[in-house]
Amino acid sequence: MAVEQVAGLTTVQAFALVGALGVGAQWVAWRLKLPAIVMMLAAGLIIGPVAGVFDPSRDIGPILQPLISLAVAVILFEGGLTLELHKLGDAKQGVKRLVFIGAPLGWALSTAALHYGAGLGWEASTVFGGIMVVTGPTVIAPLLRQAKLDKRPANLLQWEAIVNDPIGALAAVLAFEFVLVSREAETLNAALGQLAMGFVVASVVGVAAGLGIARAFRGGLVPEYMKVPVLFATLLVCFAVPDMMLHESGLLAVTVMGLVIANADLPSFVELRRFKEHATILLVSGVFILLAASLDFASLGQLTWRAALFVVLIVFIARPLTVFISLLGTKLPRNEKILIAFTGPRGVVLVAVAGLFGERLAAAGVQDGAIIGPLAFVLVLVTVVLHGFTLAPIARLLGLAATGTPGILLVGGSRFTTSLAAALMKADVPVVISDTNHARLVRPRANNVPVFYGDVLSEAAEHSLEVLAHETVIAASENDAYNTLVSTDLGAEFGREHTWQIARAKGEKSRHALPTQLGGRKFGAGLTFRELEDKMNQNWSVRVTKLSDTFGFAEWKEANPQAVLLGGLKEGGTFKRLSVEDANLLFPKRADKTIDDMPEDLREAARVELKRKFSEAKQAAALSQFKAGIRLVSLAPPQVPNASSKA
């Protein structure tokens with residue numbers, strides 16, 4: 001007897017599809033400079049309700065909901081892990097007000113908007129209203145980078161999103177637990193007692209798990225290679241145990257656990273946080289694809305004109321009132337208050353938690369619970385698209401957009417970095433020189449170059465340097481080890497493609513070679529600090545030369561045979577660094593000379609590799625970077641004529 005086959009994907013194929021689309025959507029968003037959530041929403045809708053290729057309930061089956069629950073738990077743990085209270089204490093008064101006044105006020109106003117605008121009952125409105133406190137840290141950061149806001153409003157929006165992320169989830173958890181317990185308990189006192197007991201148990205378990213991890217890691221009780229597995233195993237236990245007493249209270253426990261670990265000052269905390277961020281990116285994209293693919297257009301059909309009214313109330317009334325009341329009496333200028341009041345994009349956490357709790361409420365008999373998921377999708381889509389396209393113009397209109405091009409952070413005060421900074425500043429490129437030695441900053445200050453005295457990796461640098469205004473880091477101090485440390489550490493934040501360092505002394509020798517994952521990309525045509533300073537002592541200087549149709553790269557190269565090309569400034573002012581590989585293609589004679597200086601036993605292999613790189617296509621690609629209109633940035637000797645240059 002033949003068994004009827006249901007068309008669909010296997011579980012393995014489903015997971016592969018979700019992973020590929022989730023990460024792929026984020027990559028496409030990065031390339032197109034769009035909010036990732038928009039691309040993930042489109043991908044999930046296309047493969048799910050539009051094309052019908054993927055149905056999570058059909059293709060993944062009964063493990064779908066437990067997987068989403070665990071993913072949400074990890075996402076909330078990540079939110080708790082970002083709450084370093086000592087950094088919050090250094091934040092401005094506006095941030096504290098947006099958190100301590102804005103969060104509860106936003107919860108109340110959102111609940112009212114849901115009840116009177118969307119027409120939800122008080123139970124569903126209270127739960128969903130708690131989630132609405134979240135403003136989407138995964139969404140606000142890319143928007144801030146695109147809009148290039150001034151430091152203060154950018155910090156206010158970013159810190160509000162980071163802190164309110166777990167607070168909103170906790171508010172939703174508490175409201176959800178109260179709804180469930182009140183429905184099951186015989187009296188209100190019994191409901192409150194059970195809720196309080198679950199809250200206490202979850203908090204105790206979270207604190208105990210966090211302190212246990214901190215003590216074990218600090219005391220060397222766990223080897224380095226097992227720290228991440230132990231952390232995630234503890235996270236799973238911390239999530240599961242409180243659920244035995246009160247359903248979904250594990251979400252509160254993991255958030256508390258993350259908060260404790262974040263403030264334990266662990267030596268390995270940075271590594272743990274980075275691994276956690278990578279895992280969270282995968283889980284966030286996976287959860288969002290699953291939720292979007294699970295969306296039933298029939299459920300969207302349940303939404304009426306009241307859904308539009310709800311969105312209008314949130315965007316134009318609830319959010320502005322929350323901000324204006326919270327910031328009442330502060331010294332913030334009116335234009336900053338207006339910008340913050342009308343900037344509140346919602347993100348993945350809102351959709352993930354809303355989808356989870358909406359289904360839980362519906363299963364518990366709260367009829368309006370089924371509408372929470374579609375409402376969350378509508379709100380996220382509208383706010384992300386609205387703020388994504390209007391934040392930058394509004395910021396410029398209010399005079400709060402950072403002017404100019406993305407800046408460059410130079411690490412190490414020296415003759416070379418001072419000359420480079422001065423040349424770039426003349427070309428309207430923002431530059432800051434950082435050094436731990438006050439004496440090395442005397443020369444940059446004398447040349448009116450902005451400086452930062454201190455360690456660029458310190459917490460003081462986080463608060464004093466306008467990180468959002470800088471796109472590139474060039475580590476060029478006299479300490480090769482420090483350059484490598486800075487490039488490795490900041491590479492995770494700026495991106496390895498934007499993190500550069502000058503060549504290390506003896507770095508080409510096998511005895512001193514470092515793994516490829518350490519340090520940044522080579523800058524300065526392979527010259528070391530000493531070689532650069534020797535040239536500066538011979539009165540070399542950094543110059544900017546504009547190419548034209550009559551004075552192209554070939555003409556510049558002929559007129560400046562000794563100059564060291566560092567990179568080029570595009571028409572918009574963005575600094576395009578020159579890699580050592582491109583330098584070899586553009587200056588083959590210099591590459592041959594470098595090979596001649598190598599030990600004899602290494603020359604042949606180096607020539608073979610260089611010949612492989614010297615193809616017409618690669619040379620053409622390297623040359624195409626320097627067309628008419630590009631301004632070349634080079635280190636040139638004093639005797640080189642520069643009549644054709646134009647800064």
Side-chain angles (χ1 to χ4, degrees), residues 407-427 429-453 456 472-484 486-487 500-508 519-545 556-557 559-569 575-580 583 586-587 590 593-594 597 631-643 645-647:
I408 299 174
L409 175 59
L410 295 171
V411 180
S414 65
R415 292 176 180 271
F416 169 68
T417 55
T418 301
S419 181
L420 175 60
L424 291 174
M425 288 174 62
K426 288 181 181 178
V429 177
V431 179
V432 171
I433 294 180
S434 168
D435 204 302
T436 56
N437 189 325
H438 194 277
R440 297 194 190 103
L441 297 177
V442 172
R443 184 178 287 105
R445 282 198 180 101
N447 286 269
N448 297 318
V449 176
V451 299
F452 172 75
Y453 170 53
V456 74
T472 301
V473 177
I474 300 175
S477 74
E478 64 179 350
N479 189 327
D480 288 337
Y482 183 67
N483 291 339
T484 302
V486 167
S487 302
W500 300 72
Q501 74 176 98
I502 58 176
R504 296 166 50 247
K506 303 180 181 179
E508 299 300 325
R521 302 178 67 182
K522 292 181 181 179
F523 178 80
L527 298 178
T528 65
F529 177 86
R530 180 47 51 204
E531 290 170 335
L532 288 169
E533 286 301 286
D534 286 344
K535 292 184 180 298
M536 299 306 298
N537 290 332
Q538 297 169 18
N539 293 324
W540 285 49
S541 61
V542 177
R543 298 178 181 177
V544 178
T545 307
W556 175 87
K557 186 176 176 180
N560 300 270
Q562 293 181 284
V564 177
L565 184 60
L566 302 175
L569 292 173
F575 183 43
K576 171 69 177 177
R577 282 72 52 203
L578 183 71
S579 67
V580 174
L586 295 169
F587 304 96
R590 295 182 187 175
K593 178 64 170 62
T594 302
D597 293 337
R631 289 171 291 174
L632 301 183
V633 181
S634 62
L635 181 60
Q639 70 273 18
V640 174
N642 203 31
S645 67
K646 187 186 295 182

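Values below: all heavy atoms of this structure, side chains included; hydrogens, waters and symmetry mates excluded.
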**Q** Closer than 3.5 angstrom, by distance alone: can the side chain of E533 be matched with the main-chain N or O of F416 as a donor-acceptor pair?
**A** yes
**Q** Under the side chain to side chain contact (heavy atoms under 4.5 Å, CB included) test against I408, which residue among I433, L424, V473, L420 passes?
**A** L424
**Q** With a 4.5 Å limit on heavy-atom distance, are the side chains of T484 and R504 in contact?
**A** yes
**Q** Mind running side chain to side chain contact (heavy atoms under 4.5 Å, CB included) on T418 and M536 for me, showing each step along the way?
**A** CA-CA 10 Å; T418 301; M536 299 306 298; over 6 Å; no
**Q** Do you know which two heavy atoms are closest between T436 and Y453, and how far apart they sit?
**A** O-CE1, 3.3 Å
**Q** Going by heavy atoms in the side chains, are K535 and L527 under 4.5 Å from each other?
**A** yes
**Q** Can F529 and N483 be said to form a side chain to side chain contact (heavy atoms under 4.5 Å, CB included), step by step?
**A** CA-CA 11 Å; F529 177 86; N483 291 339; 6.0 Å; no
**Q** If only side-chain N and O atoms count, and only distance matters, is there a donor-acceptor pair under 3.5 Å linking N537 with R415?
**A** yes
**Q** Please report the closest heavy-atom contact between A636 and R543, naming both atoms and the distance.
**A** CB-CD, 3.9 Å
**Q** Which atoms form the tightest heavy-atom contact between L441 and S434, and what is the distance?
**A** CD2-C, 4.5 Å
**Q** To the closest 0.5 Å, what do you measure between CD1 (I474) and OG (S487)?
**A** 10.0 Å
**Q** Would M425 and V449 count as a side chain to side chain contact (heavy atoms under 4.5 Å, CB included) here? Give the steps.
**A** CA-CA 8 Å; M425 288 174 62; V449 176; 3.8 Å; yes
**Q** Given the rule in the side chain to side chain contact (heavy atoms under 4.5 Å, CB included) test, do V411 and Y482 qualify, once you have shown the distances and angles that lead to the verdict?
**A** CA-CA 9 Å; V411 180; Y482 183 67; 3.7 Å; yes
**Q** H438 versus R445: any side-chain heavy-atom pair under 4.5 Å?
**A** yes
**Q** Evaluate the side-chain proximity of V542 to V633: yes if any heavy-atom separation is below 4.5 Å, no if none is.
**A** yes
**Q** Does D435 reach the main-chain N or O of R440 with its side chain, forming a donor-acceptor pair under 3.5 Å?
**A** no
**Q** Of the non-hydrogen atoms in R443 and N447, which two are nearest, and what is the gap between them?
**A** O-ND2, 2.9 Å
**Q** Give a yes or no on whether the backbone of A439 and the side-chain of N437 come within a donor-acceptor separation of less than 3.5 Å.
**A** yes
**Q** Would you check if the side chain of N560 reaches a backbone N or O of A563 as a donor-acceptor pair within less than 3.5 Å?
**A** no
